[in-house]
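Here the structure comes first, spelled out in structure tokens, and everything after it is commentary.
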Amino acid sequence: MEVTQVLRMNGGMGNTSYANNSLVQRKVLALTKPIREEAMTKLYRKMLPKSLVIADLGCSSGPNTFFVVSEVIKTVEKLCRELNHQSPEYQVFLNDLPGNDFSNIFRSLSSFKDRLSHEMVSGVGPCFLFGVPGSFYGRLFPSKSFHFVHASYSLQWLSQVPDGVENNKGNIYMASTSPSNVLKAYYQQFQKDFSFFLECRAKEVVEGGYMVLIFLGRKSDDPSTKEGCLIWELMAKALNDMASMGIIKEGEVDSFNIPQYTPSPSEVERVVVKEGSFSINRVEVSAVNWNAYDDGWNTENSKFSESEVARDGGYNVAKCMRAVAEPLLISHFGESVIEEVFRRYQEILTDRMSKEKTEFINVALSVTRNA
């Protein structure tokens, strides 16, 4: 599997699109807002840049794409009013892999700017936005060009499926039944990828610049804990059930592995310290329910469609996961079986969620570029 070619969220604005099924990710952004506000406030007060350069890595498309950009600009504009400073120019670079639905982003630019101008009645500095296709596991930008870099729910994706996981039979990710060498291979790939990510960003971020990175992760140091693995174990169950019925081949399941690693806070910290280019300011752990509409979240606040609210949790979670995983599944199993995969997956999710509380764990990290 060539990850850069097949990894993307479902594009467009359809029923299975990421744009219409990314409320979980929106809730994570809302939960982590204080850590971004703190970073941006300290950065602006320290540097007072006339031109503020921002990157959002793994931006995807849909209503979440401009959420962080809007939030950062509002924070800076508030500081400008407090300090009686002129608004800076904003240069915003939105990055994702080449298969991302950048067309959707570009079509939304004018409405984003209109909405921002309407909300900021006292005015806002000029805002220039750019799309940057490419992998963040490599250089993307000129040296010392960025003040603030953000990534949410993107760095858990690896640059490739780890080598040496061919014996992960019956699993599609790390699992309680995975051999120890599989767990080790996944961890080593994460260390390699995240360290290289930091090395690349160290060249692109100015001294004293900030990064805020939010991972889909886990609390436990055990990589096979269900905190990070259960959601994929249940999908593996759906695929194995289909293999037992001859709908897909058993070998196809055995050879399919998700290029992802959900790190613990200590694993994230260790890589940052070892790589050495950034100093850690804060590390926070939070949780959101698998079902985005739990916890009293309402669509009026979320600005997402109300059409899914009345459906069971398994339906909502299956659609969320389909928006994320469908391109990977199609590339390996073919398009003809996708409806059956997610029909079975929904049933399995509904059953499990009726028996226990299910949550995604988030690891949020704020770092500063060392001198």
Side-chain angles (χ1 to χ4, degrees), residues 25-26 28-60 63-96 105-106 108-132 136 140-154 201-202 204-214 278-282 284 303 364-371:
Q25 292 86 340
R26 178 62 169 266
V28 173
L29 291 176
L31 278 174
T32 54
K33 181 178 179 180
I35 198 169
R36 282 188 298 276
E37 286 188 334
E38 178 186 77
M40 184 51 59
T41 298
K42 289 182 176 179
L43 184 154
Y44 185 77
R45 287 183 177 275
K46 178 171 61 177
M47 295 188 176
L48 301 174
K50 292 184 179 180
S51 180
L52 183 63
V53 188
I54 305 163
D56 191 25
L57 309 182
C59 65
S60 193
N64 293 344
T65 303
F66 296 108
F67 183 88
V68 171
V69 176
S70 177
E71 179 187 275
V72 167
I73 291 174
K74 289 176 183 178
T75 298
V76 173
E77 290 297 328
K78 182 181 178 182
L79 287 167
C80 289
R81 305 298 173 264
E82 292 176 0
L83 300 171
N84 196 29
H85 285 177
Q86 183 177 349
S87 299
E89 289 186 345
Y90 300 96
Q91 296 182 52
V92 180
F93 293 79
L94 302 174
N95 157 260
D96 214 313
I105 295 175
F106 298 149
S108 304
L109 280 178
S110 60
S111 60
F112 159 71
K113 290 186 176 182
D114 290 344
R115 186 168 60 253
L116 186 63
S117 297
H118 178 74
E119 293 173 353
M120 302 299 296
V121 292
S122 56
V124 62
C127 184
F128 306 97
L129 292 105
F130 309 87
V132 184
F136 48 55
L140 288 167
F141 308 111
S143 297
K144 297 183 179 180
S145 55
F146 279 80
H147 299 100
F148 181 74
V149 171
H150 178 266
S152 182
Y153 265 40
S154 51
R201 303 295 83 76
E204 298 165 352
V205 175
V206 300
E207 293 179 3
Y210 280 72
M211 294 201 301
V212 172
L213 312 173
I214 300 117
F278 294 87
S279 295
I280 298 172
N281 303 315
R282 291 173 65 180
E284 294 185 353
K303 298 180 182 178
L365 171 75
S366 172
V367 297
T368 304
R369 175 69 171 94
N370 293 329

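Computed from a prediction, not measured in an experiment: that's the story for all the values here.
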What is the distance from atom [atom1] of [X] to atom [atom2] of [Y], rounded to the nearest 0.5 Å?
X      : Y      : atom1 : atom2 : value
Leu79  : Arg81  : CG    : CZ    : 10.5 Å
Thr75  : Glu38  : OG1   : CD    : 12.0 Å
Leu43  : Ser366 : CG    : OG    : 10.0 Å
Leu94  : Leu109 : CG    : CG    : 7.5 Å
Ser145 : Leu140 : OG    : CG    : 10.0 Å
Ser110 : Arg115 : OG    : CZ    : 10.0 Å

Minimum heavy-atom separation for [X] to [Y], with atom names?
X      : Y      : value
Thr32  : Ala364 : CG2-CB, 4.0 Å
Ala30  : Phe67  : N-CE2, 4.4 Å
Ser117 : Val124 : OG-CG1, 4.5 Å
Leu57  : Ser154 : O-OG, 3.1 Å
Asn64  : Gln25  : ND2-CB, 3.7 Å
Gly58  : Asp96  : C-OD2, 3.4 Å

Would you check if [X] and [Y] make a side-chain contact, meaning some heavy-atom pair closer than 4.5 Å?
X      : Y      : result
Ser152 : Val68  : no
Val92  : Asp56  : no
Phe106 : Leu129 : no
Phe112 : Thr65  : no
Thr368 : Lys42  : no
Lys78  : Thr41  : no
Glu204 : Val53  : no
Val69  : His150 : no

Answer yes if the side chains of Glu77 and Tyr90 hold a donor-acceptor pair under 3.5 Å, and no otherwise.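 There is such a pair (donor and acceptor under 3.5 Å, judged by atom type) between the side chains of Glu77 and Tyr90.
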ring-ring contact (aromatic ring centres under 6.0 Å, His included) partners for Phe148, two or more places apart: none
Partners meeting ring-ring contact (aromatic ring centres under 6.0 Å, His included) with Phe141 (sequence neighbours left out):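 Counting only residues at least two positions away or on another chain, Phe141 forms a ring-ring contact (aromatic ring centres under 6.0 Å, His included) with Phe93, Phe146.
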[X]: salt bridge (charged side-chain N to carboxylate O under 4.0 Å, His left out) partners, not counting sequence neighbours:
X      : value
Lys74  : Glu119
Arg369 : none
Glu207 : none

Take Arg36 and Leu29 through the side chain to side chain contact (heavy atoms under 4.5 Å, CB included) test and state the conclusion after the steps. CA-CA 9 Å; Arg36 282 188 298 276; Leu29 291 176; 4.0 Å; yes
All N/O donor-acceptor pairs, side-chain side in residues 44-51, below 3.5 Å, sequence neighbours left out:
residue, atom, partner, partner atom, Å
Arg45, NH2, Glu82, OE1, 3.4
Lys46, NZ, Gly208, O, 3.1
Ser51, OG, Gln91, NE2, 3.0

